[in-house]
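Remarks on the structure that follows.
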Number of protein chains: 2
Amino acid sequence: MAARVKKDESPRTPLTPERVVSAAIELADEKGVAKLTMRGLAASLGVEAMSLYYHFANKGKILDAMVDAVFAEVELPAKDDEWKPAMRARAGSLRSVLLDHTWAIALMDSRPDPGLGTITHHDAIIGCLRSAGFSMSLTAHAFSVIDSYVYGFVSQESGLPFQSSEELADVAGGIIESLPVEQFPHFSEMVAAYYLHPEYSFAEEFLVGLDLILDGLERLRAAEVSDGES
Amino acid sequence: MAARVKKDESPRTPLTPERVVSAAIELADEKGVAKLTMRGLAASLGVEAMSLYYHFANKGKILDAMVDAVFAEVELPAKDDEWKPAMRARAGSLRSVLLDHTWAIALMDSRPDPGLGTITHHDAIIGCLRSAGFSMSLTAHAFSVIDSYVYGFVSQESGLPFQSSEELADVAGGIIESLPVEQFPHFSEMVAAYYLHPEYSFAEEFLVGLDLILDGLERLRAAEVSDGES
DNA sequence: ACCTGAACACCGTTCAAGT
DNA sequence: ACCTGAACACCGTTCAAGT
């Protein structure tokens, strides 16, 4: 009640864009983006909702900043790493960052304004590929196919209502039971014989596809070098 | 004002789940999912918002049904089509359906309950690959890598704030201008030299990556056949 | 069986006002 | 400069009530 908050023990640390964004990311990680409200976010910072509007024009700007911050978490290749292990490691890092912040994938679709974190990221990747002798157009192809694959894979992986393979078995079992098996013979067979197998692993499935793509790019690069393109 | 709607000219056709779902899809196509509200959807059907709750438990169920209906639009391979052209055509069909209903990708992430349309779809694809001699595990790999790629590609493509390559040039030009070029040399070079090129085309970029993947699968299949796996 | 009105507990955002 | 209270125009959903 009383106005007794003197001494410089800073009654509360002042709001900054950075504090807002990291609180927002934390909140989204815990409860999902759907539950990320201006009022809830403000409360988690010990402040009123309207204070946020002093630092951000609207909720959309906060979402943009969250996406950019997530991107900045991804490990970047050094410019003269070998391209293949570098791309492989970076794809794995991107996957794990996106799995940590599953809401980010859906957000990226709806807010394409690239921030500085995103551009820094892109620049490093293009640089690594160009140094490895990729032509401009092959660099663009490589970037497109790798990123499409990673986003698509993680978005399917994270959309599924389970994490461990035991949970997978439970869910898949449930689906199978309630399904007219004779109407979907191949699907049923597949679920029963493959996804229910205890050693099924998203991490391995991810690497199979990724290596298929990287090997394909390696072949294109070799062909390009022998053709002498730029 | 008066109660004058007799004769069986049916003052309004009765609500059915199908009518609700197709009105919802139309509305989402026109204005985006964000603008798809229970009140707005009801209004577009000449009905009050609460009427929808007689046919669907909640908004989530409507979203589930929308996703399933979109999936049912995708062209399916016949069981004994050659696998490669069949997968190529189906990937193209999936891309174009998803481009027609860009909201569907984001929705699929958040609502993984597969409906009958989705399962029918999966069943046909698995059947086609199995008939072509793919082992169970290679079928799973193929499915995973192709779909991940298509979803990821389209989600990036549709997230961009332009459609034609002239618009691309405009936007990319704007980004470049406002960017500290010396800080992002590779990114700037790429945008200037490649994406700004007038003949850049998403459709072609899509096919380059897709064919890279299909060729890789072909190689794995050949290796499998000569090994005699099942 | 099918549809509705009123009401509840929420949203994001504005605007004028406080310190 | 930084934060806030009250208010506005929205949401999804419940529940009792109408035909």
Side-chain angles (χ1 to χ4, degrees), chain A residues 1-21 23-25 27-28 30-67 103 106-107 110-111 113, chain B residues 1-21 23-25 27-28 30-67 103 106-107 110-111 113:
Chain A
M1 265 43 169
R4 297 205 58 266
V5 205
K6 323 189 183 180
K7 308 222 160 187
D8 52 13
E9 43 179 318
S10 60
R12 65 184 168 217
T13 39
L15 230 44
T16 63
E18 290 73 29
R19 283 190 67 227
V20 171
V21 170
I25 290 178
L27 232 158
E30 277 171 24
K31 326 205 170 182
V33 237
K35 298 259 182 183
L36 177 66
T37 69
M38 296 299 269
R39 287 170 169 88
L41 175 55
S44 86
L45 288 157
V47 113
E48 295 304 313
M50 314 322 148
S51 313
L52 300 172
Y53 288 88
Y54 185 78
H55 302 273
F56 291 91
N58 51 44
K59 191 180 177 180
K61 299 293 186 192
I62 298 181
L63 298 178
D64 284 338
M66 290 168 70
V67 170
W103 44 267
L107 273 195
S110 50
R111 0 209 84 262
D113 259 8
Chain B
M1 271 37 174
R4 296 205 61 266
V5 206
K6 325 190 181 180
K7 309 223 159 188
D8 52 15
E9 42 178 318
S10 61
R12 66 183 168 219
T13 40
L15 231 46
T16 63
E18 290 75 28
R19 283 189 66 227
V20 171
V21 171
I25 290 177
L27 232 159
E30 278 169 25
K31 326 206 171 179
V33 238
K35 297 257 181 185
L36 177 67
T37 69
M38 296 300 268
R39 286 169 170 87
L41 175 56
S44 85
L45 288 159
V47 113
E48 295 304 316
M50 315 320 149
S51 312
L52 299 172
Y53 287 88
Y54 184 77
H55 302 275
F56 291 90
N58 50 46
K59 190 180 179 181
K61 299 293 185 189
I62 298 182
L63 298 177
D64 284 338
M66 291 169 69
V67 170
W103 44 267
L107 273 195
S110 51
R111 2 209 81 261
D113 256 9

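All chains are named by letter (A, B, ...) in the order of the sequence lines, taking the proteins before the strands, and each is independently numbered beginning at 1.
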Nearest-Å distance for atom pair CG/P, residues Leu15(A) and dC2(D): 10 Å

Would you kindly give the CG-to-P distance between Leu52(A) and dC11(C), to the nearest whole Å? 13 Å

Starting at the 5' end of DNA chain D and moving along, which residue's nearest nucleotide shows up first, Glu48(A) or Lys35(B)? Glu48(A)

For DNA chain D, what are the stems built from at least three Watson-Crick or G-U pairs in a row, each pair having both distances below 3.5 Å? C:4-8 with D:12-16, C:12-16 with D:4-8

For residues 40-59 of chain B, dump all side-chain donor-acceptor pairs below 3.5 Å to protein atoms at least two apart in sequence or in another chain.
from	atom 1	to	atom 2	distance (Å)
Ser44(B)	OG	Leu41(B)	O	2.9
Ser51(B)	OG	Glu48(B)	O	3.1
Asn58(B)	OD1	Gly60(B)	N	3.2
Asn58(B)	OD1	Lys61(B)	N	3.2
Lys59(B)	NZ	Leu36(B)	O	2.8

Atom CZ of Arg19(B) and atom P of dC2(C): how far apart are they, to the nearest Å? 14 Å

NE2 of His55(B) versus C1' of dC2(C): gap in Å, rounded? 7 Å

Calculate the interatomic distance between Phe56(A) atom CZ and dC2(D) atom C1'; express it in whole Å. 15 Å

Heavy-atom protein contacts under 4.0 Å, nucleotides 12-19 of chain C, coded B base, S sugar-phosphate only, - none: BBB-----

Mind checking what makes side-chain contact (heavy atoms from CB on, under 4.5 Å) contact with Lys31(A), not counting sequence neighbours? Leu27(A), Lys35(A)

Does Tyr54(B) put a side-chain nitrogen or oxygen below 4.0 Å from OP1 or OP2 of dC2(C)? yes

